[in-house]
Structure formats: C-alpha cells, structure tokens
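First the structure, in the form of structure tokens, and then the observations on it.
Counting starts at 1 for both ligands and their atoms, in listed order. Note that these values count all heavy atoms, side chains included, but never hydrogens, waters or copies made by symmetry. Note that the structure is predicted; figures quoted are calculated from it, not measured.
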Amino acid sequence: MSDPLFDLDGRVAVVTGGSGQLGRTYVTGLAERGARVASFDLVPGEEVEGVRSLEVDVTDRASIDAAVREVVSAWGVPHVLVNNAGLDSPPDAPAEEVGPFEEYPEESFDAVLDVNVKGAFLCSQAVGGEMAREGRGSIVNISSVYGLLSPVQELYEFRRAQGETFVKPVAYSVSKAAILNLTRYLATYWAKSGVRVNTLTLAGVWNDQPHEFLDAFATRSPMGRMLDAQEALGALVFLASDASSYVTGSNVVVDGGWSAW
Ligand SMILES: NC(=O)c1ccc[n+]([C@@H]2O[C@H](COP(=O)([O-])OP(=O)(O)OC[C@H]3O[C@@H](n4cnc5c(N)ncnc54)[C@H](O)[C@@H]3O)[C@@H](O)[C@H]2O)c1
C-alpha cells in the first residue's frame with residue numbers, strides 16, 4: 001500500500017548526474033515509487049520503463065534548455081529537480097590535484113565550481129522557473145559533510161604512508177558549501193510560488209574504497225561506517241514528496257552522526 005504522504009505517482013522528476021553512483025539510486029528509487037524520471041548526464045544511463053536518459057552538460061544552458069523542452073513536451077513541467085551532478089577529485093587524480101593547497105591548479109578549481117555550483121544554478125534557473133510558473137515544485141540540492149566542515153586530512157594518511165603526497169583538495173569543499181546558500185536563496189525567492197528548495201547533505205558513500213581508508217573513516221564516524229547509497233533515498237523521497245510540504249530552505253543531514261561531534 002502506498003503512503004499518500006510520500007506518494008510520487010505521476011510526478012515528473014529530473015535528476016542531474018543520473019548515471020553516477022548516487023544518481024542511479026535516485027533515478028531507480030524515484031521511478032520505483034511511480035515518478036517518471038529524466039536523467040541529465042554527460043554519460044548515457046539505462047532507459048527502463050518511466051526513465052529517460054538525456055545527454056546534458058549541466059554547465060551549458062543551451063544543453064539544459066533543450067533537455068528541459070524534451071521533458072516538458074513528453075511529460076509536462078517537472079515536479080522534482082535533484083541537483084546531483086558533481087565533480088570530486090577521483091582516487092587516480094593527477095598528483096598536482098592532490099598536492100599542497102598552495103599549488104592546487106586554478107583550472108581544477110574552475111572545473112569543480114563550474115559543475116558543482118554553476119551546474120546547480122543553471123538547472124535551477126531552467127527547471128525552477130518553469131516550476132514557479134506552475135506554482136509547485138521541489139528542488140533538492142546535494143551537498144556533502146565536506147561542505148559543512150573541513151575534510152579530515154588524516155583519513156588519507158594511508159596514501160602518504162605509501163609515499164604519495166595526498167591532500168584532499170579545496171575546490172570540492174568550497175563548492176559544496178556554496179550549495180547551502182544557493183538553497184537558502186532560492187527557498188526564500190520561490191517560497192510564495194510554491195517551489196520548495198532544500199539541501200540533502202551526505203557523508204562519504206561506500207564504494208569499495210581501500211580498507212585503510214574504510215578503517216580510518218570508521219574510527220572517525222559515530223556509526224562506525226560509511227553511508228550505503230540506498231540510505232540516501234529515504235531523505236530524498238521525503239524532500240521530493242508532499243511529506244515535506246512545509247520544509248524549505250533546510251538542510252537534511254544524512255551523515256551517521258559525522259557532524260554531531
Ligand atoms: N560519493 C560520496 O561519497 C558523496 C558524499 C557526499 C555527497 N556526494 C555528492 O553526491 C553527488 C553524486 O556523487 P556520486 O558519488 O554519485 O558521483 P559520481 O561521480 O558517481 O556521479 C556524478 C555524475 O555526474 C555526472 N556529471 C559530471 N559532470 C557533469 C556535467 N557537466 N553535466 C552532466 N553530468 C555531469 C557524471 O557523468 C556522473 O555520472 C555529487 O554531487 C557529490 O558531491 C557524494
């Protein structure tokens with residue numbers, strides 16, 4: 001039996017970065033709850049019943065507009081936008097990206113800010129504006145504990161023990177902190193138009209990381225483990241659905257207690 005509070009039947013959702021680890025979880029989870037879901041990603045994703053995969057670069061307004069037109073003509077104006085597309089420094093990032101702050105490349109800073117901040121800004125402009133004209137909608141901006149707090153550099157000690165230089169870079173943290181106030185700005189801007197805007201903040205997600213990293217993370221985490229991607233879904237469904245009808249401008253933190261001590 002579906003719960004009307006959390007019902008997404010017939011809703012239309014756009015998930016950016018829908019081909020990634022968390023994006024796939026959101027696309028499938030929303031579709032399983034009755035929503036029609038469009039994934040906007042550089043990389044094509046799986047198309048199943050109720051899911052469309054559109055090739056979109058979230059840093060390019062023309063590319064976003066073309067995809068939004070396609071969604072609107074097929075399904076109507078979206079009810080939900082999840083600004084999830086993101087860049088972080090991958091484990092195999094070139095040495096200069098994970099070197100000392102003083103040497104962090106300006107181009108890397110621009111690239112991360114472009115996707116993580118400008119991408120969310122442009123998609124909110126394109127989709128949120130349409131939602132406001134309809135007088136309803138929910139935007140969920142994805143942030144990270146690294147946007148609330150500084151990265152714990154000790155987590156990466158094992159990389160240094162192997163003789164590498166490794167500093168978790170600055171751009172990701174700066175970009176994820178910016179998301180918090182993009183949310184507050186848009187929440188108040190659209191509050192009377194019926195468009196709610198919230199942040200969903202996550203801790204590190206389990207992705208078969210090296211055991212030295214998992215052990216260090218577990219020591220630092222009150223719950224003693226990383227987030228399973230599926231555990232982000234409950235809060236997303238809450239924020240996307242009418243269950244959160246009076247929630248706007250807020251930050252739902254799903255971090256196993258990471259920020260509590
Ligand atoms: N994985 C974690 O530990 C973690 C923790 C906290 C928050 N987050 C956040 O969750 C979100 C998703 O992370 P993930 O771990 O699934 O990452 P991921 O790398 O698996 O997926 C990101 C997706 O974004 C897409 N993308 C990148 N640039 C794009 C662009 N210009 N246009 C369109 N799509 C683009 C990529 O192709 C990819 O499919 C990110 O915003 C990330 O910051 C992740």
Side-chain polar contacts of residues 205-218 - donor-acceptor pairs under 3.5 angstrom, sequence neighbours left out - could you list them?
unit_1 : atom_1 : unit_2 : atom_2 : d
Gln209 : OE1    : Asn207 : N      : 2.7
Gln209 : NE2    : Val205 : O      : 2.9

> Between Thr201 and Asn251, does any side-chain donor sit less than 3.5 Å from a side-chain acceptor?
Replying inline: yes

> Roughly how far apart are Leu186 CG and Gln125 CD, rounded to 0.5 Å?
Replying inline: 9.0 Å

> Would the number of heavy atoms belonging to other residues, nucleotides or ligands and lying under 6.0 Å from CD of Glu47 be above 12?
Replying inline: yes

> Heavy atoms under 4.0 Å from ligand 1: which residues qualify?
Replying inline: Gly17, Ser19, Gly20, Gln21, Leu22, Asp41, Leu42, Val43, Val56, Asp57, Val58, Asn84, Ala85, Gly86, Val115, Ile142, Ser143, Ser144, Tyr172, Lys176, Leu202, Ala203, Gly204, Val205

> Just checking, any donor-acceptor pair under 3.5 angstrom between side chains of Asn83 and Ser124?
Replying inline: yes

> To the nearest 0.5 Å, what is the distance between CZ (Arg24) and OG (Ser19)?
Replying inline: 8.0 Å

